[in-house]
Student: 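Sharing a structure with you now.
Computed over heavy atoms, backbone and side chain alike; hydrogens, waters and symmetry mates excluded. Index from 1, following the sequence. The structure presented is a predicted model; accordingly, all values stated were derived computationally and were not measured.
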Amino acid sequence: MPDAEVYYAPDFLDAEESDAYFQQLMQHVQWRQESIRLFGKEQLLPRLTAWYGDRGYTYSGLHNQPQPWLPVLLELKEKVEQASGQTYNSVLLNLYRTGQDSMGWHADNEPELGPQPAIASLSFGGERSLRFKHRTRKDLEPVGIGLGHGSLLLMQGPTQQHWLHQVPKTSRTVAPRLNLTFRYVKG
């Protein structure tokens, strides 16, 4: 992917470890279904979310007050920091319950993330495709990566400036998927 710095570790955590983390997160995370205003109407987000960390964060007009770190999230944060060489102070969790839960095209480019944010995306549960498309270069085909159970994807450098990404809906039967996106929110 030109104009991007993306790294993917499909087996960052083994299956047994990933199963244990999935169960802990499903049991302890306080999930919410937020709503946003789109085209003048309130709509429920097509997924459940939770925000944990040291700082609040605003995206899509939603301000997220952080919940205090859970021990399991601190443990995962440390593993991701060691692997990525980055420091994170917050995590957005998304729960995709079925193939109909999704995330539209977007970039993680809010000002409080800085000009070239490092976003570490850790996935558990059913595999879903993460799609990328370049913002300006229509000659480039979209790119898809299947994010599997226990995988880690790191997006950094100019990636958020030049590429959009999404988790599209799918009609195939898929197990629930948890995704944790670790980031550093500036104060």
Student: If two hydrophobic side chains count as joined below 4.5 Å and joins carry through other members, does Leu152 share a cluster with Met155?
Tutor: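 Different hydrophobic clusters.
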Student: Keeping Asn89 on the side-chain end and Val185 on the backbone end, is there a donor-acceptor pair under 3.5 Å?
Tutor: yes
Student: Does Thr181 reach the main-chain N or O of Leu92 with its side chain, forming a donor-acceptor pair under 3.5 Å?
Tutor: yes
Student: Taking the six-membered ring of Trp163 as reference, does the NZ or CZ atom of Lys133 fall below 6.0 Å from its centre and within a 45° cone about the axis?
Tutor: no
Student: Quick check: closest heavy atoms across Pro158 and Ala4, and the distance to 0.1 Å?
Tutor: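 It is CG-N, 4.2 Å.
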Student: Backbone N or O of His162 within a donor-acceptor pair of the Arg137 side chain at under 3.5 Å?
Tutor: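 Absent.
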Student: Is there a continuous path of hydrophobic side-chain contacts, each under 4.5 Å between heavy atoms, that joins Met103 to Leu48?
Tutor: no
Student: Do the side chains of Leu147 and Val167 get nearer than 4.5 Å, heavy atoms only?
Tutor: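 No, side chains not in contact.
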Student: Do side-chain atoms of Arg177 reach the backbone of Tyr96 as a donor and acceptor pair under 3.5 angstrom?
Tutor: no
Student: Same cluster or not: are Tyr21 and Leu95 linked, directly or through other Ile, Leu, Val, Met, Phe, Trp or Tyr residues, by side-chain heavy atoms under 4.5 angstrom apart?
Tutor: yes
Student: Got a second to check how far Phe12's CZ is from Ser121's OG, nearest 0.5 Å?
Tutor: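 Rounded to the nearest 0.5 Å, the CZ-OG separation comes out at 11.5 Å.
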Student: Looking only at atom types and distance, does a side-chain atom of Gln160 sit under 3.5 Å from a main-chain N or O of Asp108, one as donor and one as acceptor?
Tutor: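 At least one qualifying donor-acceptor pair exists.
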Student: Taking Gln156 for the side chain and Pro117 for the main chain, is one N or O donor matched with an acceptor at less than 3.5 Å?
Tutor: no
Student: Counting only heavy atoms not in Arg135, do more than 12 sit closer than 6.0 Å to its CZ atom?
Tutor: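 Yes, enclosed.
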Student: Would you indicate whether the side-chain heavy atoms of Lys186 and Leu113 approach each other to under 4.5 Å?
Tutor: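 Contact flag for Leu113/Lys186 side chains = no.
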Student: Nearest 0.5 Å, please: how far is OH in Tyr88 from CD in Glu78?
Tutor: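 Between atom CD of Glu78 and atom OH of Tyr88 there are 13.5 Å.
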Student: Got a salt bridge between Glu17 and Lys79, using NZ or NE/NH1/NH2 to carboxylate O under 4.0 Å?
Tutor: yes
Student: For Arg128 and Thr170, work out which heavy atoms get closest and say how close.
Tutor: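 That closest heavy-atom pairing would be NE-CG2, 3.9 Å.
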Student: If only atom types and distance count, is the side chain of Ser18 paired as donor or acceptor with the main-chain N or O of Phe124 below 3.5 Å?
Tutor: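 Such a contact is absent between Ser18 side chain and Phe124 backbone.
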Student: Under a 4.5 Å cut-off applied to non-hydrogen side-chain atoms, are His106 and Leu164 in contact?
Tutor: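 Heavy-atom side-chain distance check fails, nothing below 4.5 Å.
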Student: Tell me if a side-chain donor or acceptor on His165 pairs with a main-chain N or O of Trp105 at a distance below 3.5 Å.
Tutor: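 It does not hold such a pair.
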Student: Please examine the side chains of Ile119 and Phe182, heavy atoms only from C-beta on, and report whether any two atoms are closer than 4.5 Å.
Tutor: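 Result no, sub-4.5 Å side-chain heavy-atom pair not found.
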Student: In terms of ring plane angle, is the pair His149 and Phe22 parallel, tilted or perpendicular, where the classes change at 30° and 60°?
Tutor: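 Ring orientation of His149 relative to Phe22: perpendicular.
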Student: Leu153 and Tyr184: same hydrophobic cluster, using ILVMFWY side-chain contacts below 4.5 Å?
Tutor: no
Student: With side chains defined as the heavy atoms from C-beta onward, is the minimum distance between Lys169 and Ser102 less than 4.5 Å?
Tutor: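 Yes, side chains in contact.
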Student: Could you tell me whether Glu81 and Lys77 make a salt bridge, using a distance below 4.0 angstrom between a side-chain N and a carboxylate O?
Tutor: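 Yes.
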Student: To the nearest 0.5 angstrom, please state how far the CG atom of Asn179 sits from the OG atom of Ser123.
Tutor: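 That separation rounds to 4.5 Å.
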Student: Do any N or O atoms from the side chain of Arg183 and from the backbone of Ala118 form a donor-acceptor pair under 3.5 angstrom?
Tutor: no
Student: With rounding to the nearest 0.5 Å, note down the distance linking CG in Asp101 to CD in Gln33.
Tutor: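 That separation rounds to 7.5 Å.
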Student: Supply the atom-to-atom distance Arg131 CZ to Gln166 CD, rounded to the nearest 0.5 angstrom.
Tutor: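 With rounding to 0.5 Å, CZ (Arg131) is 7.5 Å from CD (Gln166).
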Student: Ignoring hydrogens and geometry, is there a side-chain-to-backbone donor-acceptor pair from Ser151 to Gly148 under 3.5 Å?
Tutor: yes
Student: Test side chain to side chain contact (heavy atoms under 4.5 Å, CB included) on Leu25 and Leu93 and set out the steps.
Tutor: CA-CA 10 Å; Leu25 293 166; Leu93 295 94; 4.3 Å; yes
Student: As a test of understanding, state which of Val91, Val29, Asn94 forms a side chain to side chain contact (heavy atoms under 4.5 Å, CB included) with Leu180.
Tutor: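 Per the side chain to side chain contact (heavy atoms under 4.5 Å, CB included) rule, the option paired with Leu180 is Val91, out of Val91, Val29, Asn94.
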Student: Could you grab the distance from atom CZ of Arg172 to atom OG of Ser129, nearest 0.5 Å is fine?
Tutor: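 Going from the CZ atom of Arg172 to the OG atom of Ser129 covers 8.5 Å.
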Student: Any chain of hydrophobic side-chain contacts (each under 4.5 Å) joining Trp51 to Val72?
Tutor: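 No, Trp51 and Val72 fall in different hydrophobic clusters.
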Student: Decide yes or no for Val6 and Leu154: does some side-chain heavy atom of the first lie under 4.5 Å from some side-chain heavy atom of the second?
Tutor: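 Contact flag for Val6/Leu154 side chains = no.
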Student: Using the rule given for side chain to side chain contact (heavy atoms under 4.5 Å, CB included), can you reason through Asp3 versus Gln161, listing the C-alpha separation, both sets of side-chain angles and the distance that settles it, and then say yes or no?
Tutor: CA-CA 8 Å; Asp3 306 323; Gln161 294 170 329; over 6 Å; no
Student: For residues Gly146 and Glu127, report the shortest heavy-atom separation together with the two atoms involved.
Tutor: CA-OE2, 3.6 Å
